[in-house]
There are 4 protein chains.
Amino acid sequence: MEQLIAEGVITDPGSARGRLLAAAARLFKQQGYERTTVRDLAAEIGIQSGSLFHHYRSKEDILRAVMEETIQLNTALMRIALQQAQDPRGKVLALIRCELQSILGETGEAMSVLVYEWRSLKPDSQQHILKLRDIYEQLWLDALAEARAAGMVAIEPFILRRFLTGALSWTTNWYKPDGDMTLDELAEYALTLAIKQ
Amino acid sequence: MEQLIAEGVITDPGSARGRLLAAAARLFKQQGYERTTVRDLAAEIGIQSGSLFHHYRSKEDILRAVMEETIQLNTALMRIALQQAQDPRGKVLALIRCELQSILGETGEAMSVLVYEWRSLKPDSQQHILKLRDIYEQLWLDALAEARAAGMVAIEPFILRRFLTGALSWTTNWYKPDGDMTLDELAEYALTLAIKQ
Amino acid sequence: MEQLIAEGVITDPGSARGRLLAAAARLFKQQGYERTTVRDLAAEIGIQSGSLFHHYRSKEDILRAVMEETIQLNTALMRIALQQAQDPRGKVLALIRCELQSILGETGEAMSVLVYEWRSLKPDSQQHILKLRDIYEQLWLDALAEARAAGMVAIEPFILRRFLTGALSWTTNWYKPDGDMTLDELAEYALTLAIKQ
Amino acid sequence: MEQLIAEGVITDPGSARGRLLAAAARLFKQQGYERTTVRDLAAEIGIQSGSLFHHYRSKEDILRAVMEETIQLNTALMRIALQQAQDPRGKVLALIRCELQSILGETGEAMSVLVYEWRSLKPDSQQHILKLRDIYEQLWLDALAEARAAGMVAIEPFILRRFLTGALSWTTNWYKPDGDMTLDELAEYALTLAIKQ
DNA sequence: GATGAATGAGGTTTCATTCAT
DNA sequence: GATGAATGAAACCTCATTCAT
C-alpha cells in the first residue's frame with residue numbers, strides 16, 4: 001500500500017485529500033451522490049464547505065477522483081493476486097476473491113459508487129474512467145479465456161464476465177461480513193457459477 | 001394485460017396517470033430520480049409542472065408508484081409463467097426468462113429504477129415496497145428449493161437467488177435486444193449459472 | 001409608447017417583467033452590474049430572489065434585456081424625431097436632442113448600463129446587441145454625411161460621430177436636469193461641437 | 001520619468017508593487033474590477049494570492065493606488081506639456097494631446113479604470129481621488145478660460161471641458177494606434193471641436 | 001516576504017410545491 | 001383538471017482575507 005501511495009496510484013488516506021475521498025465514498029454510497037451535499041462532505045472531515053474547493057474544483061471532480069482511485073487501486077491489487085495464482089481455476093478464483101474484497105472490504109463504498117453513480121459523471125469524465133475500466137476488464141477476460149481453453153467454462157468469456165460482474169457487485173446488497181459465511185466461502189460459491197466442477 | 005388493468009394491479013398506460021408513470025420510469029432510468037425535475041416529467045407528457053400535483057401528491061409519490069406497479073405487474077407475470085412450466089428446470093428457466101423480460105423489455109426502465117433509486121424512497125415507502133418484494137422473491141425461492149431437492153442445484157437457494165438477482169439485473173447495462181443473441185438464448189446461458197447440466 | 005408596447009418593441013412597464021427591467025437599469029447604473037445581487041433586484045420589485053428566474057433565465061439575461069430594449073426603443077424614437085426634422089442641421093440637432101433625452105431622461109439609467117456594463121455580457125449576447133447598435137448608428141452616420149455634403153461639418157462623419165458619442169454619453173456624469181441649463185440648451189451647445197456656424 | 005519615481009509621485013514599474021499596479025490596471029480594464037480576482041492579479045505577476053496582502057491591505061487599496069498614481073502622473077505630465085506651449089491654442093492642443101496620450105498610451109488602461117471603476121471605490125477613497133482630480137481639472141479650466149478670453153471658444157469653459165472629457169475618454173473604445181490616423185492627427189481633429197478656426 | 005490551506009459570508013441558480021385564477 | 005407565477009429553502013460555488021509555517 002505504501003508503495004502504491006508513493007507511486008501516486010492512490011492518495012495517502014491520511015492526507016486531507018485522502019480523508020475527503022474516503023468520506024465521499026462513504027457518503028455517496030449511503031445517500032447517493034445527488035443527495036450528498038458539499039456541506040455534508042465538508043462536515044464529515046471537519047472543514048468548511050468552501051474549503052473543499054481547494055482540493056477539488058467541483059463536486060463532480062470529487063466523484064471522478066473516487067472512481068478513478070478505486071479502479072486504479074483494484075487493478076493494481078488484481079495484478080498482484082494474479083501473479084500468485086497457478087492454474088486457470090486458481091486465477092479465476094483469485095479474481096473473484098479480489099473483486100469481492102474490493103466490493104465488500106474497505107474500498108467497497110467506492111466500488112458501489114462506481115456502479116451506482118455512473119450517470120452523475122459528465123461524459124468526458126466517463127470516457128476517462130472507461131479507459132481505465134477497459135484495462136481492468138482485460139485482466140478478467142484473459143483469465144476466463146484461459147479457463148475456457150482448458151474446457152472449464154461452458155459459455156463465452158465475454159458473457160460470463162458480465163454475469164459475474166452483476167452477481168458479484170450485487171453482493172454488496174446482501175452479504176454480511178460478520179455473518180456465517182466467510183468471504184472465501186462466498187468466493188467459492190461464486191466460482192461454482194463460473195466453472196464446471 | 002387488460003385483466004390486470006381491470007383488477008387495478010396496474011394503471012391503464014393510456015390514461016394520464018399511466019403515461020406519467022411510463023415517462024417517469026424512462027426519465028428516472030436515464031437521468032436518475034434526483035436529476036429528473038418535475039418540470040421534465042410534466043414536459044414529457046405535455047402538461048405544466050403544477051398540474052402534476054393533481055395526480056400525485058409529491059415527486060416521491062411518483063417514484064413509489066413506479067416501483068409498486070412494476071413489482072405488482074412482474075409478480076403477476078411470474079405467476080402466469082410458472083403455471084405453464086412443467087418440471088423444476090422448466091420453472092427456473094421460466095423465472096429467468098420472465099425476469100429478463102421485465103428487465104430488458106417494456107418495463108425495463110421501471111425495473112432499473114427499482115434497483116437504482118431505492119435510496120431515494122422514504123423509509124415507510126421502502127417498507128411498503130419491501131413487503132411486495134418478499135412475495136415476489138418467495139416465488140423464486142420456492143422454485144429453486146424444488147430444483148435443489150431434485151439435485152440440480154449446487155448451492156443454497158438463498159445464495160443462488162442473490163447471485164442471480166445481480167447477474168440478471170446487470171444485463172440492462174450490456175445486453176442489446178437487437179444484437180446477435182436472442183433473449184431466450186440469454187436466458188439459457190443464465191440457466192447454466194444456476195443448474196448443473 | 002403604447003404602440004411600441006403593442007408592437008413588442010418594448011415590454012409594458014406596468015408588467016412584472018417591465019418593472020423588473022426598470023429596476024435592473026436603475027440598480028445596474030447605481031451600483032454596477034456585478035455589485036447588484038439578484039436579491040437586490042428581487043427586493044426592488046417586491047418578490048423573492050428565486051422568482052426572478054421565472055422571468056429571465058439568468059442575471060446576465062436581464063442585463064441583455066435591459067440593453068436590447070433600450071436600443072430598440074431609442075432607435076424607434078430617433079426614427080420618429082428624424083421624420084420631423086427639415087434640413088441637415090435640424091436632423092443633427094434632432095439626433096443630439098434625442099440621444100440626450102435617452103441619456104438624461106427616463107431611459108438614462110439603461111443607456112448608462114449599455115455603456116458601462118458591456119464587458120459583463122457574454123460574447124454571443126454582445127454580438128446580438130452589436131447588430132442592433134449598427135442599425136442605430138447608421139441613422140447617425142447618414143445624417144452627418146448629409147451635413148458634411150452640405151459643407152457644415154469639418155471632419156469625417158465617422159470620426160465626428162465617435163467624438164459625439166463620448167461627449168453626449170458623458171453628460172450623464174455632470175448634467176443636472178434641474179439646474180440652470182435646459183436640455184434643449186445643452187443640445188444646442190453640443191451642436192456647436194459638430195457643426196460650423 | 002526617473003525623476004517622478006525619485007520624487008515618489010509614481011511607483012517604480014520595475015518593483016514588485018509597480019508590476020502589480022500595471023497588471024491591475026490591465027486586468028481591471030479588460031475584465032472590470034469586480035470580475036478580476038486577487039488570484040488573477042497574483043498569477044499575473046507570479047506570486048500566490050495570499051502574498052498580495054503584503055503589498056496592499058485590500059483589493060480596493062490596489063484599485064485606489066492605480067487611480068491615484070494615474071492621476072498624479074498625468075497631472076505632472078500635463079504641467080510639463082503646458083510649459084512648452086506658447087499661445088492659448090497651443091495650450092489647449094497640448095492638453096488634448098497629453099490627455100489622449102494618457103488614454104491611448106501606456107497608462108491608458110489605468111485611465112479607463114479611473115472612468116469605469118469609480119463606483120467600486122469606497123466613499124472616502126473617492127473623496128481622496130476627487131481632490132487630486134480637481135487639481136488636474138483646474139489646469140484644463142485655466143487653459144480654456146484663456147482661449148475663451150481670446151475669443152476662440154464659443155461656449156463656457158466649464159461645459160466645453162465636460163464635452164471634451166467625454167469625447168476624449170471615449171476614444172479608448174474606437175481609436176486604433178496602429179491604424180491610419182496618428183495620435184497627433186486625432187488631437188487636431190479633437191481641437192476642431194473646441195476651437196473656432 | 002512568501003506560501004497555501006482554510007475561512008465564512010455571500011453569490012447565482014435550482015426546484016418541489018402551493019394557490020389564485 | 002389545468003395553469004403558471006410565486007415561494008423559499010437549499011444547492012453548488014466563489015473569493016477576499018487570514019495566518020501558521
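In this text the structure is predicted, and so the values were computed from the model without any measurement. Quick note on labels: first sequence line is chain A, next is B, and so on, each numbered from 1.
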*How would you label the contact of T37(C) with the nucleic acid (heavy atoms, under 4.0 Å): base, sugar-phosphate, or nothing?*
sugar-phosphate

Exercise. If only side-chain N and O atoms of S51(D) are considered, is one of them under 4.0 Å from the OP1 or OP2 phosphate oxygen of dT3(E)?
Worked result: yes

Contact class for T36(A) vs. all strands (heavy atom < 4.0 Å): base, sugar-phosphate, or nothing? sugar-phosphate

E34(D) CD to dC15(F) P, in whole Å, measures 11 Å

Next on the checklist: Is the phosphate of dA2(E) approached by H55(D) (side-chain N or O, under 4.0 Å from OP1 or OP2)?
Outcome noted: yes

Closest to the side chain of R39(A), out of dT17(F), dG10(E), dT7(E), is dG10(E)

Correct closest heavy-atom pair for E109(A) and A25(A) would be CB-O, 3.6 Å

Neighbour count above 12 (heavy atom, 6.0 Å) for R57(A) CZ:
no

If pairing means Watson-Crick or G-U wobble with both distances under 3.5 Å, then the partner of dC12(F) is dG11(E)

Per atom distances to the F53(A) side chain, the nearest of dT18(E), dT17(F), dC12(F) is dC12(F)

Scanning both residues in full, the closest heavy-atom pair of P13(C) with R19(C) reads O-CG, 3.3 Å

Original post:
Counting heavy atoms not belonging to R39(A), are there more than 12 under 6.0 Å from its CZ?
Top reply: no

Checking N1-N3 plus N6-O4 or O6-N4 for Watson-Crick, or N1-O2 and O6-N3 for wobble, each under 3.5 Å, the partner of dA6(E) is dT17(F)

From the candidates dT7(F), dG11(E), dA2(F), the one with an atom nearest any side-chain atom of Q48(C) is dT7(F)

Atom OH of Y33(B) and atom P of dC15(E) are separated, to the nearest Å, by 13 Å

Considering only heavy side-chain atoms of I47(D), the closest of dG1(F), dA16(F), dT3(E) is dT3(E)

